[in-house]
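To keep things clear, I will list the structure first and then write my remarks on it.
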Amino acid sequence: MFRESAIQAPYAFFSQATRGRLHPESVHPYRGPFQRDRDRIIHCSAFRRLSEKMQVFFANWGNYHRTRLTHTLEVTSVARTLARALLLNEDLVEALALLHDIGHPPFGHTGEETLDDLLRDKGGFNHNRQALRMVEKLEQRYPEYYGLNLTWETLLGQEYRAIQSESRRNRPDIPVSVYGHLLEPIRSPFLEIQIVDVADGIAYTSHDADDALELGFLTVEELWGSTLWRRAVEQVRKHWSNLTEQEFRRAAIHCLINEMVSDIFQSTQSRLNEHQVQSVDDVLQLPILIGPSEEVAQQQKELSQLLFDRVYRHPKVLKQREQVRDWFHTSFEKMLHNPDSLVGPYRAVLEEEGEHRAIADWIADQTDRLFQQT
Ligand code: MG
């Protein structure tokens, strides 16, 4: 803890202020609470399964593009860079970033949307909520309790994501944690929690553009519609000449990430100064402080829209979505006729919450490859 007081700003979250865990545990002699959370997340099976879950593109479409696991690691990398530059609690940020997508079912957002449809009258399905179910209930790793017994702050960070995404679907009141609602609705979350959101945005816009270029879903000419891309290209031209097309593209992606991270760092720094933020309490009273400048926020939106139109709605991707929907419907139907095949944690869910939720929990725990074989 001495380490934190030497390197963290006064508005960072300090480990000694943790509200602890649902099942109290003794303090570890040399690992802080958020370090232990990070390790528990890395060692849980839901985390390992991310390696065989897709991000945007099918596994067999190439050997270049991201999986859900490498996406998660890129988010963590960006988040830690920002946390270190802003003198925040890196361990907490790392735990939150590693956790953020753990609840994703197989086959990305199509998988999630289809499960949400299938559970429409049963509370729906949301990958951010599912992450909490996994780490609070479904993971069985310790003899004393179900779940990973993470700290209140790590669960709070994930709950914040879940409430944000449920609000976008007009159902913010669904309780998502075994603690009930952790976050007081009028308050902003800690800066460490705010970082994960922006890091996720930076990681997926840049790597989806990169993967789409590599796999031929997008051309460099089409990307000219993005101001951020044009700015990245300017940077490349300033530093290099005579690059091959591939070298040029990759250099531009690196510049793109650097431009976005630098803008967020500088904009956040000036907001912290402007509001004279001195403590975590100040952070909770103020609007969200971590984020890009208005100009770059607009440019990020522009790039996201371009990716949506050209990549996420590419005919090959749309065809894949149809296929995935069919698989989900068939598999769900099959399980509804055979709920006795649900064992272990899913059996307990079946008895407590009904077959729809138990099947959704089971499906969410499948990798893409395993799910296709069901
Ligand atoms: Mg993500």
Side-chain angles (χ1 to χ4, degrees), residues 55-57 64-66 70-71 74-75 77-79 81-82 85 97 100-101 108-110 112-113 128 161 164-165 167-169 194-240 243 245-271 287-318 320-321:
Q55 181 71 13
V56 175
F57 306 104
Y64 179 85
H65 58 282
R66 276 73 173 173
T70 60
H71 159 71
E74 289 188 31
V75 173
S77 158
V78 170
T81 297
L82 281 167
H100 91 283
D101 260 356
H109 286 286
T110 311
E112 176 177 33
E113 284 160 22
N128 288 311
R161 291 183 68 78
Q164 297 290 102
S165 55
S167 299
R168 288 194 287 271
R169 296 177 189 181
Q194 297 182 27
I195 277 191
V196 180
D197 241 4
V198 295
D200 192 24
I202 292 174
Y204 77 74
T205 44
S206 55
H207 69 48
D208 287 352
D210 187 30
D211 289 349
L213 285 170
E214 185 76 22
L215 295 179
F217 284 78
L218 189 67
T219 63
V220 171
E221 290 70 34
E222 286 173 316
L223 263 179
W224 277 104
S226 155
T227 315
L228 267 179
W229 177 259
R230 293 197 301 273
R231 282 179 48 201
V233 165
E234 255 171 57
Q235 291 297 318
V236 177
R237 288 192 176 141
K238 240 189 246 170
H239 292 100
W240 295 281
L243 297 183
E245 197 209 310
Q246 194 188 63
E247 287 168 339
F248 185 87
R249 276 189 343 225
R250 292 184 183 169
I253 294 290
H254 299 152
C255 289
L256 187 72
I257 299 173
N258 190 50
E259 290 276 307
M260 289 194 275
V261 174
S262 304
D263 177 77
I264 287 173
F265 171 60
Q266 282 151 12
S267 312
T268 302
Q269 197 77 69
S270 53
R271 275 182 221 118
I288 297 291
L289 294 166
I290 297 197
S293 60
E294 251 174 64
E295 190 193 351
V296 169
Q298 202 47 46
Q299 294 171 0
Q300 276 182 336
K301 259 192 209 154
E302 184 188 56
L303 177 56
S304 295
Q305 187 61 47
L306 192 147
L307 289 171
F308 185 86
D309 296 338
R310 305 278 170 166
V311 180
Y312 310 143
R313 290 292 172 269
H314 188 284
K316 198 169 166 189
V317 174
L318 288 180
Q320 167 214 312
R321 282 168 68 85

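As a basis for the values below, the full set of heavy atoms in this structure was taken, side chains included, without hydrogen atoms, waters or symmetry mates.
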*Check against side chain to side chain contact (heavy atoms under 4.5 Å, CB included), Ile202 and Leu256*: CA-CA 9 Å; Ile202 292 174; Leu256 187 72; over 6 Å; no
_Could you walk me through whether Gln266 and Gln269 satisfy the side chain to side chain contact (heavy atoms under 4.5 Å, CB included) test, starting with their C-alpha distance in whole Å, then the side-chain angles of each, then the deciding distance to 0.1 Å, before giving a yes or no?_
CA-CA 5 Å; Gln266 282 151 12; Gln269 197 77 69; 5.6 Å; no
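Asp210 pairs in a side-chain hydrogen bond (donor to acceptor under 3.5 Å, both in side chains) with only one of the listed residues (Arg66, Arg249, Arg250, His65), which is Arg66.
The environment of Arg310 atom CZ is sparse: at most 12 non-hydrogen atoms of other residues, nucleotides or ligands sit within 6.0 angstrom.
With contacts defined as side-chain heavy-atom distances shorter than 4.5 Å, the pair Met260/Gln300 qualifies. With contacts defined as side-chain heavy-atom distances shorter than 4.5 Å, the pair Arg161/Asp200 qualifies. Within the 4.5 Å cutoff, no side-chain heavy atoms of Val311 are placed close to those of Asp208. At least one side-chain heavy atom of Leu243 sits less than 4.5 Å from a side-chain heavy atom of Val236. Contact check for Ile195 versus Ile264: no side-chain heavy atoms found under the 4.5 Å cut-off. The shortest side-chain heavy-atom distance between Asp211 and Phe217 does not fall under the 4.5 Å cut-off. Put simply, the side chain of Tyr204 does not reach to within 4.5 Å of the side chain of Val75, judged on heavy atoms.
Ser270 approaches Ser267 most closely through the heavy-atom pair OG-O, 3.1 Å. Across all their heavy atoms, Thr219 and Leu213 have their closest contact at C-CD2, 3.7 Å. Summarising the geometry of Val317 relative to Tyr312, their closest heavy-atom pair is CG1-O, 3.5 Å, with the distance given to 0.1 Å.
A salt bridge does not link Arg230 with Glu302: none of the charged nitrogens is closer than 4.0 Å to a carboxylate oxygen.
Listed by chain and residue number, His100, His207 satisfy the ring pair (Phe, Tyr, Trp, His ring centres under 6.0 Å) test with His71 (two or more places apart in sequence, or in another chain). Legend: residues meeting salt bridge (charged side-chain N to carboxylate O under 4.0 Å, His left out) with Glu294, ordered by chain and number and at least two apart, are absent.
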